[in-house]
Structure formats: C-alpha cells, structure tokens
Amino acid sequence: MKLRHWLVVGLLAGLTGCATPTPLEPRELAYATPADKTFREAVDLMVEQGYVVSHADIALGRAEASLARWPGYRLQLQVSEEGSGSRVRVSALSGNQPLEPYLLDPWLVALQHKLGVAP
C-alpha cells in the first residue's frame with residue numbers, strides 16, 4: 001500500500017510541474033503616434049506577416065494572432081496611451097513555450113517603419 005501511495009504522489013507532483021505555465025515576458029516600445037493608429041498598424045503588420053488575427057479589440061488595445069504556417073508562433077499585443085503617444089507590449093509563444101523577448105525586436109522595428117517613426 002505504501003508503494004502505491006508514493007507512486008500516486010509522484011505522479012501528481014509530476015503533473016503539477018507540467019501544468020505550471022512559464023510566464024510570458026513582453027517586449028515594450030513607446031511610439032510617438034496615437035494609440036488607435038498604432039493598434040491598427042500593428043494588427044495590419046501581423047496580417048502582412050502571415051498571422052491570422054483571432055481577437056482584436058481596439059477599445060481594449062488588445063489583439064492575439066497565430067502564424068498560419070509552421071512553426072505556429074502566437075503573438076499577444078497590448079497597445080496603450082502614453083502621454084501624446086502610445087506604448088506597445090508584445091509577447092510571443094512558439095507552441096506552448098514563450099519566446100525570449102529580444103526576439104521580438106525585429107517586429108517592433110518593422111512596426112516603427114510602418115508607422116513612419118523609425119530613426
């Protein structure tokens with residue numbers, strides 16, 4: 001009976017470890033454009049890059065999209081007002097694993113160019 005008890009405890013502990021998600025770390029950048037314009041252009045950029053937008057709410061400034069081809073990246077976008085401009089927070093997953101935030105820098109730079117505010 002004791003062996004069965006420890007097997008069950010070990011199995012439950014293993015499953016608990018699998019169920020704990022790794023938190024997403026967003027990458028952030030401020031833009032000198034209004035939040036609504038930034039949001040629209042960011043969603044357009046997602047579509048141009050082959051992402052399928054599953055949710056987009058301009059009032060909340062939130063959008064989620066998945067890459068329509070392998071390896072199946074997912075982007076989560078948050079755009080908020082900051083002073084007279086906007087702040088973009090973007091995070092990504094590859095499968096169920098979060099991507100390192102620095103890997104999103106090219107996407108944020110592409111958004112800068114799309115907005116016409118690149119240095």
Let me confirm one number: the OG-CG distance from S91 to L77, rounded to the nearest 0.5 Å.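 Reported value, rounded in 0.5 Å steps: 9.0 Å.
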
Rounded distance (nearest 0.5 Å) linking atom CG of L108 with atom NE2 of H113: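 Atom-to-atom, L108:CG and H113:NE2 are 11.5 Å apart.
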
Return yes when atom CD of Q49 has more than 12 non-hydrogen atoms of other residues, nucleotides or ligands closer than 6.0 Å, and no otherwise.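 Yes, enclosed.
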
Which heavy atom in [X] sits nearest to a heavy atom in [Y], and how many Å separate them?
X	Y	result
V43	A63	CG2-CB, 4.0 Å
P26	P101	O-CB, 4.2 Å
L104	V90	CD1-O, 3.3 Å
L115	Y31	CD1-CD2, 3.7 Å

Hydrophobic clustering (ILVMFWY, side-chain heavy atoms < 4.5 Å, transitive) - are [Y] and [X] grouped together?
X	Y	value
L99	L29	yes
L24	M46	no
W107	V52	no
L75	L60	no
L45	L103	yes

Main chain of [Y], side chain of [X]: is a donor-acceptor contact present, judged purely on distance under 3.5 Å?
X	Y	value
R74	G95	yes
S86	T33	yes
Q76	A65	no

Note: D36-R40 ion pair, threshold 4.0 Å (strictly below):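 So D36 pairs with R40 through a salt bridge.
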
Cationic N near anionic O, under 4.0 Å, R87 to E28: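 Answer for the salt bridge query: yes.
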
Kindly indicate, with the supporting measurements, whether the criterion side chain to side chain contact (heavy atoms under 4.5 Å, CB included) is fulfilled by D105 and R27. CA-CA 8 Å; D105 288 349; R27 195 63 154 190; 2.7 Å; yes

K114: partners by salt bridge (Lys or Arg N to Asp or Glu O under 4.0 Å), with sequence neighbours left out: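 Result, salt bridge (Lys or Arg N to Asp or Glu O under 4.0 Å) vs K114: E41, E48.
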
For R62, enumerate each residue passing the salt bridge (Lys or Arg N to Asp or Glu O under 4.0 Å) test, keeping only those at least two apart in sequence or located in another chain.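 R62 satisfies salt bridge (Lys or Arg N to Asp or Glu O under 4.0 Å) with no other residue.
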
